[in-house]
Amino acid sequence: MQLEGKTVLITGAGRGLGAAMADALAARGADLALLDLDPEGLEAVRAACERRGVKASAYVANVAAEAEMTSTFDRVVADFGRLDVAVANAGILRDGLLVKVKDGAVVEKLPLAQWQAVIDVNLTGVFLTGREAAERMIALGHGGCIVNISSLSRAGNFGQSNYSAAKAGVAALTVVWAKELARYGIRVNAIAPGFIRTEMVASMKPELLAKTAASIPVQRLGEPGEIATTLSFILENDFCNGRVFEIDGGQRI
Ligand code: NAP
């Protein structure tokens, strides 16, 4: 896909990886529909995209709320007249052990609400983004690309029952949709980042962050621009389909 003049929707675009991907695609001439919960972050990213000379609009919406997503996708198509790419990027962390044990006795369990919050945003949010994008792309009749953001943690990371389950689900959805949607000219791929320097990772304790960076074969965290470069590659290479691209400095968990 040539990106110039195409319309790209990115969820979680108010900061971090979403903001970096928006900037990279704006630099390649794509118009941006930016979705996030945070209006201030969105406005800063929108203005930066516009300075690249492309059209950019901001949409405040919760990826886990079906009605908000349906109406936002309607607005995007009305505003831009097309939808070529959807990047399902919004995600949250609510880490916790399955059970906490003290002196041989379970003293705490992972609360259902903590499980559900992550499943709602990181898995249901991706489902709604992909479903609404596919419907619009098929109706518009010009094909397109869906890119889901999974994670290295999909392999099963200590303290991340909710996050690992959601990100494994995102990888599986990617394969299902690639098979189902290819007949409509829609390619579906995922990126599974390792530890990338964003606010999500900055919330980790400094000593744990330093230990984590040292455990990565390349001896450093990834940069948001390195995920944005991967997104551009996937979009521009029309033979990429149904794959999860692991961008993690060689780390394994
Ligand atoms: P981030 O810095 O925390 O940014 C996430 C953005 O998503 C925030 O702007 C946040 O808005 C927004 N968001 C959260 N919940 C939302 C919802 N329900 N609806 C709409 N927007 C919502 O995270 P990031 O590091 O850029 O991560 C982006 C994606 O990459 C996530 O899916 C994450 O799991 C994945 N990932 C990140 C890393 C990493 O190392 N950074 C590694 C692997 C995978 P608010 O600020 O208002 O909450």
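First listed ligand is number 1; within each ligand, the first listed atom is number 1.
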Check your understanding: So Phe245 and Phe233, would you call those rings parallel, tilted or perpendicular, with 30° and 60° as cut-offs?
Key -> perpendicular
Check your understanding: Should Glu246 and Arg252 count as side-chain neighbours, where that means a heavy-atom distance under 4.5 Å?
Key -> yes
Exercise for review: Verify the distance criterion only: is there a donor paired with an acceptor across the side chains of Asp36 and Tyr59 at less than 3.5 Å?
Suggested key: no
Point to revise | Residues in contact with ligand 1, criterion: heavy atom under 4.0 Å | key: Gly12, Arg15, Gly16, Leu17, Asp36, Leu37, Asp38, Ala61, Asn62, Val63, Asn89, Ala90, Gly91, Ile92, Val121, Ile149, Ser150, Ser151, Tyr163, Lys167, Pro193, Gly194, Phe195, Ile196, Thr198, Glu199, Met200, Val201
Check your understanding: With a 4.0 Å cut-off, would you call Arg220 and Glu226 a salt bridge?
Key -> yes
Check your understanding: Would you call Glu40 and Arg15 a salt bridge, taking side-chain N to carboxylate O under 4.0 Å as the test?
Key -> no
Study note, to complete from the structure: d(Ile119 CD1, Arg94 CZ) to nearest 0.5 Å is 13.0 Å
